[in-house]
Amino acid sequence: MNDLPRELSAQYNPKEVEEKWAGLWARMPLFHASVNPDKEHFTIVIPPPNVTGILHMGHALNNTLQDILIRMRRMQGCEALWMPGTDHAGIATQNVVERQIAKEGLTRGQMGREKFLEKVWEWKENYGSTIINQLKRLGATCDWQRERFTMDEGYSRAITEVFVSLYEKDLIYQGDYIINWCPRCQTALSDEEAPHHDLDGKLYYIKYPLKEPQAAGRKSKRNSKKTAAPEDGIIVATTRPETMLGDTAVAVNPKDKRYKHLIGATLVLPLVGREIGIIADDLVDKSFGTGAVKVTPAHDPNDYQMGKTHELEFINIMQPDAVLNAHAGDYAGMDRFEAREAIIEDLTERKLLVKIEPHRHAVGHCYRCHTIVEPYLSKQWFVRTKPLAKPAIDAVKKGKIAFTPQRWTKVYLNWMENIKDWCISRQIWWGHRLPVYYCQRCMAETGSKSQVPISNFKKNSKNTQKGIIVARVRPEKCPDCGGTDLKQDEDVLDTWFSSWLWPFATFGWPFSDQVSEDAKRRTEEQKKELEYFYPTSVLVTAPEIIFFWVARMIMAGFAFMGSIPFKDVFIHGTVRDAQGRKMSKSLGNSIDPLEVIETYGADALRFSLISACASDIFLSKEKFEQGRNFANKIWNASRFIRMNAAVGVDGSRIDPAACRIQDLWILAELNDTIRRVTKAVDAFRFHEAVNLLYTFFWHSFCDWYVEMAKQTICEKNTQEILVHVLKVSLLLLHPFMPFITDEISSVLGGSSFETIAVAPWPQPEKKFENKEARELMRIIFDAVLLLRERRHELKLNPAVKVRVRMWAAPKKRAALLAAAPVICQLAQASELEWLDDDTAPQNSLSLLVARDAHLYLLLEGLVDIAQERERLAGEIAQGHKQIKAKEALLKNKGFVKKAPEQVVAAERKRLEELKAKTADLEEIRRALQ
RNA sequence: GGGCGCAUAGCUCAGCUGGUUAGAGUGCUGCCCUCACAUGGCAGAGGUCAUAGGUUCAAAUCCUAUUGCGCCCACCA
């Protein structure tokens with residue numbers, strides 16, 4: 001019995017071990033990266049989780065993948081930096097705090113901006129590090145001392161700089177447009193923030209009467225045939241009848257013969273009484289509805305377009321909360337959906353509602369609160385994206401940035417090539433205020449207002465509007481009039497307007513001139529860091545973030561750094577439940593990763609997630625048992641080795657000449673595993689890497705090698721190999737399962753590293769390459785498997801030892817002879833004797849293995865000979881069938897001529913073997929009496 | 001209306017650039033608590049690789065079409 005420095009318990013206890021190592025890692029400065037010109041840099045910036053975030057499975061997957069990359073590159077000798085941080089998540093965080101104060105019966109309106117923001121900051125201080133702590137628990141080796149927050153002072157400077165410089169280049173403008181408006185959050189949203197979902201709605205057909213009904217005599221011949229053109233009015237179809245209160249025209253397609261004669265005529269808008277004209281516009285689809293469309297320029301993007309073209313009146317009928325305003329007349333004060341009901345009722349009463357059809361259509365929803373968004377006319381700030389998109393398109397087309405899996409390239413390009421201007425102003429409080437100041441005096445003169453216009457307006461096309469000041473620092477006075485009454489814009493910026501700067505703003509960009517020496521030095525340092533670590537290496541994220549974040553970071557990279565922000569984009573799958581639904585809090589179908597960590601361990605969580613991450617992941621709790629079981633297997637194999645190998649045994653000096661065949665085999669397998677695992681991670685095939693390790697460790701190492709090693713466990717060489725293979729396996733496993741591997745390594749000792757996180761990544765060793773050993777071991781495995789199989793067939797009790805005879809061609813004889821004890825042990829044979837020539841012993845059962853190695857099981861007392869003859873006949877018939885098929889293949893001229901030589905050669909060899917084997921079987925069968 | 005992805009063992013999924021007898025985990029059946037591990041070991045059953053064509057000496061793998069499911073994008077109100 002060796003004296004153990006530390007005992008390993010019979011069952012792995014992840015909780016204890018993981019908590020210990022999480023603590024240790026936190027105290028080690030090892031994950032801090034700094035400029036090191038001697039090393040290649042490897043940089044990942046974390047997709048910053050929301051400060052409101054609680055670790056969910058998507059995070060767990062996303063961050064495990066990043067951690068694997070970072071850990072492996074670190075071990076490979078890169079200066080590996082994983083930049084952590086959180087996102088202030090404007091709308092989401094504001095909503096959380098609003099809900100919190102609502103419990104105290106307060107609204108943010110009552111509190112006022114300043115008080116409310118204090119409350120949000122307070123919340124951030126209390127809960128903002130929740131997810132960071134959870135990431136640590138997952139094992140993430142971020143450079144924690146660099147942790148950034150998108151509302152940090154320095155980071156905010158980047159946002160101001162970007163806003164102002166884009167404004168100066170005329171790439172940011174203010175204007176009145178139809179945007180997506182969330183009536184619940186009461187803010188504008190970008191197109192990406194208002195995803196469309198199909199809803200079962202209704203299509204209402206409403207009759208708008210003509211002011212002067214057409215005289216019967218004016219009817220053209222054509223019109224008389226068309227039933228759709230009633231001469232006392234026009235029927236329009238709409239899904240949102242309440243918007244009719246803001247109608248200022250009805251449009252038809254100019255080519256539509258049904259309505260041609262009515263173009264220019266006047267209609268009386270029902271319920272309102274306003275006179276509106278009939279206009280012609282190509283935007284109108286003749287085949288939809290009645291071919292006539294009501295035009296509400298202030299409440300629909302298409303109608304807005306027509307409103308501009310035809311210089312219609314823009315009537316906004318809603319308040320920001322989607323309650324109808326004074327322009328809605330009798331319906332003022334009603335909610336939009338209430339008003340819809342009322343209007344339908346009133347129209348029905350007036351016999352103007354022609355019909356209602358069921359209609360399934362896509363409706364925009366707020367991505368934060370899922371409220372149906374309202375297309376809403378308002379004054380907002382926009383980024384002119386087309387010029388920014390150009391280099392971002394080129395970079396991907398030229399392969400400077402590569403998406404994996406590749407198919408996402410197309411998704412990205414398609415979006416980028418059809419990019420729309422980006423609405424960046426939000427009517428919330430939590431976020432970066434726009435660096436825009438309004439001179440109250442100038443504003444009063446020009447009559448400009450930053451409020452939503454009620455009706456007619458003209459677009460402000462130039463960025464040089466009087467009284468609007470966009471500046472890096474708050475100006476003292478108005479440059480136009482010298483007035484000092486300046487008011488900063490109330491709006492804040494889209495959260496993504498800060499996230500898109502993440503790959504470089506996290507390094508302290510932009511670097512301002514500093515006065516103090518200390519600050520100067522720090523700034524110089526940061527500049528060097530940015531230069532060294534940027535562009536980052538890989539971005540790991542989920543598909544739904546491509547437009548929000550990935551695409552915009554690429555634009556920002558070119559716009560402000562003049563280069564790509566990252567070389568590779570790895571897009572992983574979505575985590576779903578067993579039914580295939582996306583895991584989400586609202587569905588209540590999510591599996592809490594923290595619970596999994598609690599019951600199975602972080603390593604188990606990581607392993608199970610990664611082994612399933614080839615595509616979208618369908619998770620159930622059982623999936624994590626596989627990870628737990630594997631961890632336990634690693635633990636126990638280590639325990640066995642620890643208990644049996646002498647202290648101080650080290651595999652670094654293993655001499656292949658002193659090795660048995662099985663030793664050479666496992667070492668060759670290990671080499672192969674090192675190569676394949678490394679290659680798989682390089683190609684972002686994480687599931688392949690982890691499954692290779694699983695198979696190697698469990699099946700090759702534990703099931704075969706360790707079992708064989710038990711026989712020679714007292715030999716130092718065996719111990720050395722066990723320790724060596726285990727140690728290398730732990731290193732390979734470390735990026736995937738960091739806790740258990742570090743724990744076992746530390747217990748095994750003999751390492752000069754506090755944590756193997758900084759140990760070198762294993763390399764295949766030339767001296768362990770051995771093709772022959774692997775071939776011979778295949779024979780031994782076959783022998784064992786066949787013997788076991790026959791034992792089962794013969795229903796032999798495990799205690800019954802069988803007698804075996806073996807023959808091998810001279811070339812292989814020595815090696816197999818040496819392996820005989822192993823075969824005996826694994827196959828529970830009591831004796832294995834060697835035959836000098838290859839003739840079957842009397843009454844033996846053939847267990848043919850290969851052409852140059854035969855195995856016979858002595859049957860006496862074990863089996864009915866007649867039965868065995870019959871069984872052999874079946875096997876022989878099978879053999880003939882296979883021979884026939886192979887012969888046919890080799891007779892095929894096309895195959896012989898066109899297939900690669902090796903393939904043909906392999907087939908020839910296989911045919912020979914089959915023939916020999918079958919002939920032998922026949923002989924053996926004849927010999928059986 | 002465009003675009004993409006997926007259909008392989010009862011279930012969940014691997015299978016990279018075509019090449020022996022298509023794999024794993026889980027479940028099921030049988031036998032084992034063999035001194036690292038029952039969160040374990042050994043063995044077994046289970047697949048016309050969605051369908052129909054095509055290319056090829058050779059197709060789960062490449063091409064075309066069809067069916068079913070899922071996702072994304074889009075200004076038919």
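Numbered from 1 within each chain, the chains take letters A, B, ... in sequence-line order.
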Who does [N] pair with, Watson-Crick or G-U, both distances under 3.5 Å?
N: B:rU39; answer: none
N: B:rA22; answer: none
N: B:rU34; answer: none
N: B:rC75; answer: none
N: B:rG44; answer: B:rC28
N: B:rA7; answer: B:rU67
N: B:rA14; answer: none
N: B:rU56; answer: none

Nearest to the side chain of [X] - [options]?
X: A:Y694; options: B:rA36, B:rU39, B:rG25; value: B:rG25
X: A:V706; options: B:rU21, B:rG19, B:rA36; value: B:rA36
X: A:N414; options: B:rA77, B:rC37, B:rC73; value: B:rC73
X: A:V903; options: B:rG19, B:rC73, B:rA36; value: B:rG19
X: A:R788; options: B:rC37, B:rA43, B:rA36; value: B:rA43
X: A:H361; options: B:rA36, B:rU26, B:rA77; value: B:rA77
X: A:D703; options: B:rA36, B:rA14, B:rG41; value: B:rG41
X: A:C702; options: B:rG40, B:rU21, B:rA36; value: B:rA36
X: A:S615; options: B:rC13, B:rC75, B:rU20; value: B:rC13
X: A:T239; options: B:rA77, B:rA36, B:rG25; value: B:rA77

Once you apply a heavy-atom cut-off of 4.0 Å, does [X] come out as touching a base, just sugar-phosphate, or nothing?
X: A:H687; value: sugar-phosphate
X: A:K710; value: base
X: A:R628; value: base
X: A:V411; value: nothing
X: A:A899; value: base
X: A:K893; value: nothing
X: A:L785; value: sugar-phosphate
X: A:R407; value: sugar-phosphate
X: A:K410; value: sugar-phosphate

Expressed as a whole number of Å, how far does the [atom1] atom of [N] sit from that of [M]?
N: B:rU67; M: B:rA59; atom1: P; result: 26 Å
N: B:rG5; M: B:rA24; atom1: P; result: 29 Å
N: B:rG68; M: B:rG40; atom1: P; result: 43 Å
N: B:rU39; M: B:rC33; atom1: C1'; result: 14 Å
N: B:rG30; M: B:rG46; atom1: C1'; result: 15 Å

Quick one: does A:F403's side chain get under 4.5 Å of A:V550's, heavy atoms only? yes

Could you tell me how far apart A:I571 (CD1) and B:rC72 (C1') are, to the nearest whole angstrom? 13 Å

For A:Y205, ring-ring contact (aromatic ring centres under 6.0 Å, His included) partners two or more places apart: none

Correct closest heavy-atom pair for A:L269 and A:M244 would be CD2-O, 3.2 Å

Heavy atoms only: give me the nearest A:K255-A:K286 pair and the separation to one decimal. O-NZ, 4.0 Å

Between A:F570 and A:F686, does the ring centre distance come in under 6.0 Å? yes

Using the benzene-type ring in the case of Trp, are the ring centres of A:W698 and A:Y694 under 6.0 Å apart? yes

For residues 899-911 of chain A, which residue pairs qualify under side chain to side chain donor-acceptor pair (under 3.5 Å), counting only residues two or more places apart or in two chains? A:K886-A:E907

